[in-house]
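The structure appears right after this line, and notes come after that.
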Amino acid sequence: MQLNNKKKFMEENRENIVITEIAADAENPEKQECLKAQAEEAAEQPEGASEPEGTPEPEKQEEAYQPKKNSSRMTFLKGLIVGIILSGLVFVLLHGYLTVTLPNGGSLTIRLPYYERLHGTGSGSLDHVEINRKMDEIRTLIDKSYLYDADPKHMTDGIFAGMLYGLTEDDYAIYYSKEDFENERKRLNGSYVGVGIAVTKDAKTNGLMVEAVTYNSPAQEAGIEVGDVILKANGTDLTQITSDEAVGQITGPEGTEVVLEIQRNGETMEVTCVRRVISDITVRTALMPEDPRVGYVSITGFTNVTEEEFYEAIDDLTENRNAEGIVIDLRNNGGGDMNVALRMIDSILPDDLPLPDQVGASDAGNTENGKTASGKTLLLSIEDKGGKKTEYFAEDDWRQTIPFAVLVNGRSASASEIFAGVLKDYGYPVIGTKTFGKGIVQSLYTLSDKSAVKFTTDQYILPDGSQIHGIGIEPSIEVEFREYDGITEKQVNHVSGEETPLEGDVQVEAAVKAIQDAFEAE
């Protein structure tokens, strides 16, 4: 009974006992420290852990910890914002610029003082950061406001074409798309899909001046004539783009039409041509009517088929038609493959000629008693931007023993000038008027996606040490052309696609006279 009474008393007076114990604990420092440690340990327990006796009820505990959870969330957000700001600052410091988006959809790039040094955007370098920024800005404007559908592929090709167009000192630089490059390769191989014309830039209109019309070609059938100036192709203004780009507008897939706007004698007209495969005949032959001992070889270009045609022409004239001397007509020949021209020269010259007399002491390091270091006939040197020279020598163990003479005029250019200049340096007569003066080399580079770029990489140097570019070749016998039987200088050498009479051509007559003089000197 006493035990039960004591239990009952303790339950009824539990609250008073607890208060008495707390008060007693307050007077006991050691007990107070122990209780404090227990309270801190309880606060560090993870959520869901079992609670010791005497802790607040769950509802009260939730209310007690809520301010602590809000504080942690705020701390996380502040840290995240600070981290983003610091990352941005690190980017700006490492890259040297900050791009700010503007309300109109554009953007502004803010550069730090060391931006140019960091990105190498000094003189002669491209600012890729600015290029990409501006391209994105333009593309945004196009997407937002351009009336028509933009062709991404055509735009991309235009970007690359613009990069080559930006080589302001190089009129021959061009970008070829994959399709354009395939057509260019066919043209260099002697056939291509087009309308059958040879053109050059017209200085007055900046259009394309027709210099030659292939016989039986779509252009000839449409009535295009030598001297016509092509201003537009299918509505594209050819006066605002480079020569090669303009030619690319005229050529195209076989069977398709191209509408050309041409100017003739001050009047403008339109003609339509259906593109088809054009197979060039670049070499033609004849015997001179007044002296059948002299053969005539017309060369209108230097493509991959020209070389074989040339060898066959020389063999035919000398072996089958008994020609004893040859006149080579390069008038109105705009050039072509330098290597083809050099191999053709090699077939004429012996392999061991001394250098021309004009070569001076400054070239003594490459010569010995007038001979090249290799002992072979020097045909040509080309020099790159660093001054490095590459030399080409005769080496085919073959030579022609008959006399040759070469005809040139102001439209003989590039490979034609090499051909005429080399033979002139070694004593062969060159007849006519001064040549065009294109003495630079364009190299063609195939890119990884089978597109290509072409731009100027080297300049020619003739065996006597002289250059061609901007100067031309002065003929050894100067003879001005005189119009005869309605034939103009722009029509000779099969330029119109048809043969012109050789009788009455004073330049041809002068070349025949030079061959005849060589006969008498033998």
Closest heavy-atom pair and its distance - [X], [Y]:
| X | Y | result |
| --- | --- | --- |
| I515 | I326 | CD1-O, 3.6 Å |
| E417 | T435 | OE2-OG1, 2.7 Å |
| A222 | C273 | CB-SG, 3.7 Å |
| V195 | P218 | O-CD, 3.3 Å |
| A286 | L317 | O-CD2, 3.7 Å |
| I197 | A219 | CG2-CB, 3.4 Å |

Subject >> Pair D237-T239, side-chain donor/acceptor within less than 3.5 Å >> reply: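 Side chains of D237 and T239: pair found under 3.5 Å.
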
To the closest 0.5 Å, what do you measure between [atom1] ([X]) and [atom2] ([Y])?
| X | Y | atom1 | atom2 | result |
| --- | --- | --- | --- | --- |
| Q459 | I468 | CD | CD1 | 10.0 Å |
| E391 | L379 | CD | CG | 10.5 Å |
| L287 | R321 | CG | CZ | 4.5 Å |
| L407 | S298 | CG | OG | 10.0 Å |
| I402 | R293 | CD1 | CZ | 12.5 Å |
| T306 | M344 | OG1 | CE | 6.5 Å |

Determine yes or no for a side-chain-to-main-chain donor-acceptor pair under 3.5 angstrom, with [X] supplying the side chain and [Y] the backbone.
| X | Y | result |
| --- | --- | --- |
| E309 | V283 | yes |
| D384 | K388 | yes |
| T251 | V247 | yes |
| D228 | V210 | no |
| Q491 | V226 | no |
| N234 | V259 | yes |
| D291 | M288 | no |
| R482 | G504 | no |
| Y484 | P501 | yes |
| T456 | D170 | no |

**OP:** Write out all pairs satisfying salt bridge (charged side-chain N to carboxylate O under 4.0 Å, His left out) with one or both partners inside residues 401-411, taking only residues at least two apart or from two chains.
**Re:**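 Pairs touching residues 401-411 that pass the test: E211-R411.
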
Are [X] and [Y] close enough that some pair of their side-chain heavy atoms sits under 4.5 Å apart?
| X | Y | value |
| --- | --- | --- |
| L380 | L462 | yes |
| K385 | T457 | no |
| T272 | E270 | no |
| F419 | N333 | no |
| L444 | F181 | yes |
| R284 | E499 | no |
| D351 | W398 | no |
| Y311 | R343 | yes |

Are there over 12 heavy-atom neighbours, none belonging to [X], within less than 6.0 Å of that residue's [atom1]?
| X | atom1 | result |
| --- | --- | --- |
| F436 | CZ | no |
| R185 | CZ | no |
| K513 | NZ | no |
| M155 | CE | yes |
| I281 | CD1 | no |
| K232 | NZ | no |

Acceptor/donor pairs from residues 470-479 side chains to any protein atom, 3.5 angstrom cut, sequence neighbours excluded:
| unit_1 | atom_1 | unit_2 | atom_2 | d |
| --- | --- | --- | --- | --- |
| S476 | OG | V430 | N | 2.7 |
| S476 | OG | V430 | O | 3.1 |

Subject >> Qualifying residue, where the test is side chain to side chain contact (heavy atoms under 4.5 Å, CB included) with Y392 and the options are I418, T377, L378, L342 >> reply: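 The option that passes is L342.
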
**OP:** Taking only Lys NZ, Arg NE, NH1 and NH2, and the carboxylate oxygens of Asp or Glu, determine whether K134 and E137 approach each other closer than 4.0 Å.
**Re:** no

Subject >> Residues K178, D449: salt bridge by 4.0 Å N-O rule >> reply: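 Salt bridge flag = no for D449 with K178.
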
Subject >> Worked verdict on I348 versus I328 for side-chain contact (heavy atoms from CB on, under 4.5 Å) >> reply: CA-CA 12 Å; I348 295 173; I328 298 177; 4.2 Å; yes

**OP:** Using side chain to side chain donor-acceptor pair (under 3.5 Å) as the criterion, point out the one residue from T300, N409, N493 that pairs with N332.
**Re:** N409

**OP:** Please report the C-alpha distance between M338 and I382 in whole Å, then the side-chain angles of each, then the deciding distance to 0.1 Å, and finally whether the side-chain contact (heavy atoms from CB on, under 4.5 Å) criterion is met.
**Re:** CA-CA 11 Å; M338 174 192 77; I382 61 171; 4.1 Å; yes

Original post:
Of all residues at least two apart in sequence or in a different chain, which pass the side chain to side chain donor-acceptor pair (under 3.5 Å) check with Y460?
Top reply: none

Return the set of residues passing ring pair (Phe, Tyr, Trp, His ring centres under 6.0 Å) with [X] (not counting sequence neighbours), or none when no residue passes.
| X | value |
| --- | --- |
| Y165 | none |
| F310 | none |
| F519 | none |

**OP:** Applying side-chain contact (heavy atoms from CB on, under 4.5 Å), run through E245 and L164 and close with a yes or a no.
**Re:** CA-CA 11 Å; E245 288 172 325; L164 273 295; over 6 Å; no

**OP:** Let me see the working for S416 and V408 under side-chain contact (heavy atoms from CB on, under 4.5 Å), right down to the final yes or no.
**Re:** CA-CA 8 Å; S416 295; V408 295; over 6 Å; no

